[in-house]
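The block underneath contains the structure these notes are about, expressed in structure tokens.
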Amino acid sequence: MVEGLAVLESSRNTVRTMATRDIYESGFDEDVRTESSANQCPECDGRVTTNVVETVCEDCGLVINEQRIDHGPEWRAYDDEECERTGAPFTAARHDRGLSTEIGRGTDAKGNEISGKKRRRLARMRREQTRGRWRSKAERNLAHGLGEVRRLASALVLSDSVRDQACQLFRSAQNEDLFRGRSIEGIAAASVYGACRCNGLSRLVDDVSEMARVAESRVTNAYKTLNEEFGLPAEPVSPSMFMPPLASDLGCPDEIRQRARTLAELAEERGVTTGVHPAGFAAACLYKAGEEQGKWVTQSTVAETGNVTPTTVRTHHETLEELAV
DNA sequence: ACGATTATTGCGTTCTT
DNA sequence: AAGAAAACAATAATCGT
């Protein structure tokens with residue numbers, strides 16, 4: 001992140017010496033150069049493809065960079081973020097939708113031609129006015145949302161790369177005009193959740209929405225939209241995803257953990273894990289693995305650490321038995 | 001603690017207007 | 001096409017051993 005900030009600094013300095021009308025393009029160019037250095041995904045080394053909207057890794061779905069220039073350049077956003085963090089709470093996020101003023105061109109109010117100095121002056125006014133609007137609306141939303149994404153990411157102890165993916169998702173969402181009828185917080189939470197899903201991390205909507213203090217339905221809705229819009233390569237949540245955190249919470253010996261993992265993978269192959277609570281099934285696998293080694297833990301213990309009930313563990317334990325080792 | 005039985009919840013489908 | 005409802009599966013709760 002330190003490097004990123006350094007780049008932002010330099011791009012800002014460059015920008016200030018240039019003609020104002022080039023600000024956005026140049027800021028964008030800086031972003032492109034710094035973020036997509038090769039045709040390889042920084043996350044999984046997979047192949048990346050670029051379409052009109054963005055550059056995406058084919059394997060893991062990491063959005064490497066967006067190709068649109070109609071979003072606020074990064075230095076603005078982070079600039080704002082620094083301000084917002086210490087300033088007043090965000091209250092003016094959605095007050096002027098559709099109420100902004102347009103400055104026409106060509107003719108005056110009565111339809112007469114306008115020429116010369118006056119027209120140039122109007123053009124300048126129009127440019128400045130639209131610019132001012134951009135700053136106050138979209139970029140403000142972006143800064144707010146990114147702040148929220150970052151807060152959630154650190155609250156959920158996510159790696160930097162996952163967090164950045166979430167940020168990119170959020171930006172993409174804004175570019176695609178997905179905010180209408182949804183809250184910034186909801187989209188931010190959904191972005192974080194989406195990034196987790198795309199990386200096979202064991203976070204549930206519940207975990208994210210709890211941290212975000214947003215109704216779970218909002219997050220679900222926003223995530224659904226994100227998914228439809230971008231076709232996120234999120235694999236279905238599998239029990240084996242929940243194995244590592246669960247096992248470490250229990251202080252599980254390696255031997256049992258490995259056995260539980262093979263059990264989980266076996267069950268997943270057989271397709272008996274669809275529609276079940278993944279953490280619950282993972283807990284059941286750990287229980288069975290422990291049982292084979294001579295009752296390592298009780299049902300209620302694994303159930304508790306997996307946030308499910310002993311009953312759930314039991315039912316899954318049964319299906320595991322039927323799987324015939 | 002574990003197993004069996006009943007209750008509840010969540011969710012995709014289907015039927016209706 | 002949007003909403004309501006009957007239906008199903010999974011999870012939770014409760015009781016008995």
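To find a chain, count down the sequence lines: A is the first, B the second, and so on, and within it residues start at 1. Bear in mind the structure is a predicted one, so any value in this text is a computation, not a measurement.
Rounded to an integer number of Å, the gap from CD of A/Glu322 to P of B/dG3 is 13 Å. Put simply, CH2 on A/Trp296 is 15 Å from P on B/dA1, counting in whole angstrom units. Atom-to-atom, NE2 of A/His317 to P of B/dG3 comes out at 7 Å; the value is rounded to the nearest Å. Between A/Glu291 atom CD and B/dC2 atom C1' there is a gap of 10 Å when expressed in whole angstrom units.
A/Arg182 and A/Thr225 form a side-chain donor-acceptor contact under 3.5 Å, judged by distance and modelled atom types alone. One side chain, A/Glu291 or A/His317, offers a donor N or O that lies under 3.5 Å from an acceptor on the other.
In the displayed structure, A/Glu265 atom CD is contacted under 6.0 Å by more than 12 heavy atoms of other residues, nucleotides or ligands. Annotation for A/Gln293: atom CD counts as buried by contact number, over 12 foreign heavy atoms lying within 6.0 Å.
Ion pairing of A/Glu318 with A/Arg314 is absent here, as no side-chain N (NZ or NE/NH1/NH2) approaches a carboxylate O to less than 4.0 Å. One finds no salt bridge joining A/Arg259 and A/Glu255 here, because no Lys/Arg side-chain nitrogen approaches an Asp/Glu carboxylate oxygen to under 4.0 Å.
To the nearest 0.5 angstrom, A/Ser191 atom OG is 11.5 Å from A/Gln165 atom CD.
Under 4.0 angstrom from either OP1 or OP2 of B/dC2 there lies at least one side-chain N or O belonging to A/Lys295.
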Indicate for each nucleotide in nucleotides 11-17 of chain C, in 5' to 3' sequence, whether protein heavy atoms under 4.0 Å reach the base (B), only the sugar-phosphate (S), or nothing (-).
-> SBB----
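Within the nucleic acid shown, A/Tyr287 comes within 4.0 Å of sugar-phosphate atoms alone, with no base atom in reach, counting heavy atoms only.
Partners of A/Phe242 according to the ring-ring contact (aromatic ring centres under 6.0 Å, His included) rule, which considers only residues two or more places apart in sequence or in another chain, do not exist here.
Contact check of residues 200-207 of chain A against DNA chain B (heavy atom, cut-off under 4.0 Å) returns no residues at all.
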